[in-house]
Amino acid sequence: MEKYNHKKIEKKWQEKWEKEEPYKAEDFSNPPAGGEKSYLLVEFPYPSGDGLHVGHPRPYIGMDVIARKRRAEGKNVLFPIGWDAFGLPTENFALKTGKHPKDVTRDNTDNFRRQIQMLGISFDWSREINTTQPEYYKWTQWIFLQMFKKGLAYKASVAINWCLSCKIGLANEEVVDGHCERCGGETEKRQKEQWMLAITKYADRLDKDLDDVNYLEPIKIQQRNWIGKSEGAELDFAIAPQGRTSFVASSSPRNDLFPQSIKVFTTRADTIFGATYMVLAPEHALVQELKTQITNFDEVEKYIEDAKKKTEIERTAEGKEKTGVELKGVKVVNPANNEEVPVFIADYVMAEYGTGAIMAVPAYDERDREFAEKFSLPIVESELVDVDEVIKKVKGEKVIKYKLRDWVFSRQRYWGEPIPIIHCGECGPVAVPESDLPVELPEVEDYKPTDDGESPLVKAESWVNVKCPSCNGDAKRETDVMPNWAGSSWYYLRYTDPANNEAFADAKNLKYWTPVDWYNGGMEHTTLHLLYSRFWHKFLYDIKVVPTHEPYQKRTSHGLILAEGGEKMSKSKGNIVNPDEVVENFGADSLRLYEMFMGPFDQAISWSTDNMVGVRRFIEKVWRLQEKVDVEKGLSSGNEVDGDETLGSILHSTIKKVSDDIEAMKFNTAISILMILVNEMEKKEEVSKENYKILLVLLAPFAPHVAEELWEKVGNDSSVLDQVWPKYDESKIVKDTVSIAIQVDGKVRASIEISVGEAEEKVKEKALSEEDVKKWTEGKKVEKVMYIKGRIISIVTN
RNA sequence: GCCGGGAUGGUGGAAUUGGUAGACACGCAAGACUUAAAAUUUUGUGGGCGCAAGCCCGUGUGGGUUCGAUUCCCACUCCCGGCACCA
């Protein structure tokens, strides 16, 4: 027998797979044996310069096991891969080295592709996509334009994160604890014109439609929390008349312009009798409108300025210490009891949420209480009243608010999809005609943003200056690019028809393949990526270009693989385990088996190279088993379970457990029962060819290379990939006799062998006559004897 | 603070969802093979007492429900992840 040589075997089969493309998914194909389509998706990676570490492939391997099993079950499996390649790290690398981001991306994807292929993942490489290719981002831009046309993409002045030392705008995710992710400097909020996408218009559906999909419960919970639906009421508090006597006295027309009331949002309208003051956000527009009435406006203005200037760090450092200023000269009337109450501005009220104003009820709200105590305001234990009655009485309105904010879609960067808009002095922002798509990224000399934080694209003058598509006058291109979430918001649609030039995908392909049947990805993408792509998908559904209202039927998450010490793997910590080395030393099959065996798929777990020898030994055991197989003997085709009764029960329960566990992502226990089966086979003088073949089919999803090699060795012409997934016989799993435990007063004292069908009375009788049982029941009265069929007998004495 | 997830031998973990806790694997110990080592292999391996049969304890802590609890309920401790003044 030749020794198991992982290098030789893995190279041989990978070359074969590359040539023969057995994993290619066929559009509209109707595979045999209950074959339906099965679209399995993993999050496509960002090809960083560091290459893969052993944590990356965990989800690929897990989904690969499922893909391989489902193919064997006769399903038409689509299991694609691509590259989410726009983004900052590539741009930063280009900035540092002067190498074009396009070239950086190409080198990195080449390396990633090599590493993934080395693991024998059964991706359909014929559908590989890359978000940075113009043929791809043409359609990212096209979708943006449809949103623009429907008014869902708009420009607004919003507060962005500004790095004080880099002097550039940062995305939220680039700010860590108030510090710039790149330079570690402090950040503050700045107002800037940005493209926004109106995701909040979809907030209710994004929340409600979670009922229709099969996501793991924690994923749904996290999405719901992020959307932050809350039901409450908007109530008007009239501005007290004495504050505006001058206006009332005069018959000035300006009186009509003067605000009459302030609207608050509350979820506790029932506490309105305890509302002893009101608070507005410092940015609230009414503060400026009431300027003439506010007697201490200097003080107020100073507070507003200070609030604006505060950096994130300062705000965090101050903790929950409340600050604020009263708007002297302004009072409002509590509509429930007609009492006048004072008005404050304070930064604990957010301008963007609700109405930017609250009625403060210090008796029931901790934050209001804290503020009231600091400013010596009355705290009134009020009577609670019926919410509906209050709303009716004060002429309020029931409303639903969401924490979800519109999506800031602009980045003042280079390496992203150009936003396909042209700004014209006459016509305003105009969509680039669809026939002119894609708007390709121009060449620039320097990828650095300008000093005032504009995109490096402003320096590409010949690209920027164009004619207005509408009036043909002089106009300028939008120089902001899209965030890296854009390309990943719809990529799963492109896989269904990746080379289409007429549409992002043909309607027939979409109808056949979508929705994605199973999407696995990291928990860290649950709030942003998952929500963004659900939003885009719903929009595409509304404009009738996709057939389903949700993109993903099922969503699961994998746990991170941590370094041996339990810390996250990172280049800076120098604790990265490189899969190249692991594959070199142990082989891809061992790496695959180990990652599936090391622990529950959805939990974080520390890497341990020491523990890898276990699965390697297992593979070698399977390898050596070939010696126990008589190749000449037995059937040469099919994989019927044979009549070897000594293996019968374990064989059938292995088929059942492996089948069930793979679908439940309990890969670790699937492998453990395969190990038990192999240990049993090892004890035998001879293993039948049929049973060995079953073992190989069950093993193939986990360790495809060695399974193929052994399949060939035991004398089968066809590939293990062409085999039908074995079926188990429930009746063969059940054993004739079973050992059951006998408890006396809650403690196990003996166990007896009984035949499965044995009558209850007989079993009880048998149990009570056991010597080890008598010992414990002697001299006591047996009160009760319970028999839980096939499991346990419980005897209770007094 | 809020929302998730978790805690089981020396280690990673398993437990038919209320029914013999510790499957499978790593490590360790002793033996076999070998001139020797590696590889392989056999046996043992939760803790305590005992020559042994066996007994007692044991799933983060404290209580509860039950014939029976790792599993259900109540209170708490610690660890990991996310959000964070959202009215």
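Each chain gets a letter, A, B and so on, in the order its sequence line appears, and its residues count up from 1.
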Partner of Y594(A) under ring pair (Phe, Tyr, Trp, His ring centres under 6.0 Å), chosen from F586(A), W607(A), F702(A): W607(A)
Counting heavy atoms from C-beta on, name the nucleotide in rG13(B), rA25(B), rA15(B) closest to the side chain of N668(A). rG13(B)
N225(A) or D745(A), whichever maps to the more 5' nucleotide of RNA chain B: N225(A)
Using the 3.5 Å cut-off, write out each protein N or O paired with an N or O of nucleotides 6-12 of chain B and the distance between them.
from: rG12(B); atom 1: O2'; to: M598(A); atom 2: O; distance (Å): 2.6

If you take all heavy atoms of E620(A) and Y4(A), which pair is closest and at what distance? CG-CD2, 3.9 Å
Classify the glycosidic conformation of rG9(B) as syn or anti, calling it syn when the angle lies within 90° of 0. syn
side-chain hydrogen bond (donor to acceptor under 3.5 Å, both in side chains) assessment of K568(A) paired with N575(A): CA-CA 8 Å; K568(A) 260 192 183 177; N575(A) 55 9; over 6 Å; no
Which residues satisfy the side-chain contact (heavy atoms from CB on, under 4.5 Å) test with D660(A), sequence neighbours excluded? K656(A)
Categorize M675(A) for me: base, sugar-phosphate, or nothing, with a 4.0 angstrom heavy-atom threshold over every strand shown. sugar-phosphate
N/O donor to acceptor pairs below 3.5 angstrom from side-chain atoms of residues 227-234 of chain A, sequence neighbours left out:
from: S230(A); atom 1: OG; to: Y353(A); atom 2: OH; distance (Å): 3.1
from: E234(A); atom 1: OE2; to: K401(A); atom 2: NZ; distance (Å): 2.7

Is the distance from OP1 or OP2 of rA87(B) to the nearest side-chain N or O of Y353(A) less than 4.0 Å? yes
To the nearest Å, give me how far apart CD (E595(A)) and C1' (rA25(B)) are. 16 Å
Residues, nucleotides or ligands: over 12 heavy atoms within 6.0 Å of K398(A) NZ: no
Could you give the side-chain donor-acceptor pairs of residues 776-793 of chain A under 3.5 Å, partners two or more places apart or in another chain?
from: T777(A); atom 1: OG1; to: V773(A); atom 2: O; distance (Å): 3.3
from: T777(A); atom 1: OG1; to: K774(A); atom 2: O; distance (Å): 3.3
from: Y787(A); atom 1: OH; to: G790(A); atom 2: N; distance (Å): 3.2

Name the pairs: protein N/O against N/O of nucleotides 41-51 of chain B, kept only if under 3.5 Å.
from: rU41(B); atom 1: OP1; to: R624(A); atom 2: NH2; distance (Å): 3.1

Using whole Å, what does the distance between atom P of nucleotide rG27(B) and atom CE of M612(A) come to? 13 Å
Pairs under 3.5 angstrom, nitrogen or oxygen only, protein versus nucleotides 54-58 of chain B, please.
from: rC56(B); atom 1: OP1; to: R749(A); atom 2: NH2; distance (Å): 3.4
from: rC56(B); atom 1: OP2; to: R749(A); atom 2: NH1; distance (Å): 3.2
from: rC57(B); atom 1: OP2; to: K747(A); atom 2: NZ; distance (Å): 2.9

Sort me out a list of protein N/O and nucleotides 20-22 of chain B N/O pairs below 3.5 Å, or just none if empty.
from: rU20(B); atom 1: O4; to: S739(A); atom 2: O; distance (Å): 2.6
from: rU20(B); atom 1: O4; to: S739(A); atom 2: OG; distance (Å): 2.7

Heavy atoms under 4.0 Å, any strand shown: does I358(A) hit a base, just sugar-phosphate, or nothing? base
rA69(B) versus rC56(B) - spacing of their P atoms, nearest Å: 15 Å
Can you tell me, in whole Å, how much space there is between the P of rG48(B) and that of rG63(B)? 25 Å
To the nearest Å, give me how far apart CD (E680(A)) and C1' (rA23(B)) are. 13 Å
Identify whether any heavy atom of V615(A) sits under 4.0 Å from a base atom; if not, whether one sits that close to sugar-phosphate; answer base, sugar-phosphate or nothing. nothing
Using whole Å, what does the distance between atom C1' of nucleotide rA38(B) and atom NZ of K3(A) come to? 10 Å
Take Y215(A) and T556(A), measure what side-chain hydrogen bond (donor to acceptor under 3.5 Å, both in side chains) needs, and give me the verdict at the end. CA-CA 6 Å; Y215(A) 291 4; T556(A) 52; over 6 Å; no
Indicate, with a heavy-atom threshold strictly under 4.0 Å, whether N679(A) touches base, sugar-phosphate, or nothing. sugar-phosphate
Write down the atom of I199(A), the atom of L206(A), and the distance for their closest heavy-atom approach. CG1-CD1, 3.9 Å
What's the spacing between M523(A) CE and S557(A) OG if we round to 0.5 Å? 5.0 Å
Taking rG13(B), rC83(B), rG5(B) as options, the one with an atom nearest any side-chain atom of P218(A) is rG5(B)
With the side chain defined as heavy atoms from C-beta on, I788(A) is closest, among rC26(B), rG19(B), rA15(B), to rG19(B)
With P as the reference atom in both, quote the distance from rA21(B) to rU71(B) in angstrom, rounded to an integer. 14 Å
Minimal non-hydrogen separation, A275(A) against V341(A), with atom names: O-CG1, 3.8 Å
Between S794(A) and rG19(B), is there a contact of a side-chain N or O with OP1 or OP2 at under 4.0 Å? no
Given the P atoms of rU40(B) and rC26(B), what is the spacing between them in whole Å? 9 Å
Restricting to side chain to side chain donor-acceptor pair (under 3.5 Å), what partner residues turn up for D602(A), sequence neighbours left out? none
Contact class for S608(A) (heavy atom, under 4.0 Å): base, sugar-phosphate, or nothing? nothing
Provide, to the nearest angstrom, the distance between the OH atom belonging to Y787(A) and the P atom belonging to rG19(B). 15 Å
Spacing between E567(A) atom CD and rG81(B) atom P, to the nearest angstrom: 10 Å
Rounded to the nearest Å, what distance is computed from the OH atom of residue Y215(A) to the P atom of nucleotide rG4(B)? 20 Å
Non-neighbouring partners of H525(A) that pass side chain to side chain donor-acceptor pair (under 3.5 Å), sequence neighbours left out: E43(A)
For residues 584-593 of chain A, which residue pairs qualify under side-chain hydrogen bond (donor to acceptor under 3.5 Å, both in side chains), counting only residues two or more places apart or in two chains? K7(A)-E584(A), D64(A)-R592(A), D589(A)-H705(A)
Stepwise side chain to side chain contact (heavy atoms under 4.5 Å, CB included) test for L699(A) and F618(A): CA-CA 11 Å; L699(A) 180 65; F618(A) 168 65; 3.8 Å; yes
Contacts of Q223(A) meeting side chain to side chain donor-acceptor pair (under 3.5 Å) (sequence neighbours excluded), chain-then-number -> R534(A)
Length of the line joining F371(A):CZ and rC85(B):P, which is rounded to integer Å: 16 Å
Please step through side chain to side chain contact (heavy atoms under 4.5 Å, CB included) for the pair E373(A) and K322(A), ending with a clear verdict. CA-CA 10 Å; E373(A) 278 168 359; K322(A) 298 284 179 293; over 6 Å; no
Other residues, nucleotides and ligands only: do more than 12 of their heavy atoms fall within 6.0 Å of CD on E682(A)? yes
Any stem touching RNA chain B, meaning at least three consecutive Watson-Crick or G-U pairs under 3.5 Å, ordered by first number, would be B:1-7 with B:77-83, B:10-12 with B:24-26, B:27-32 with B:40-45, B:46-49 with B:54-57, B:60-64 with B:72-76
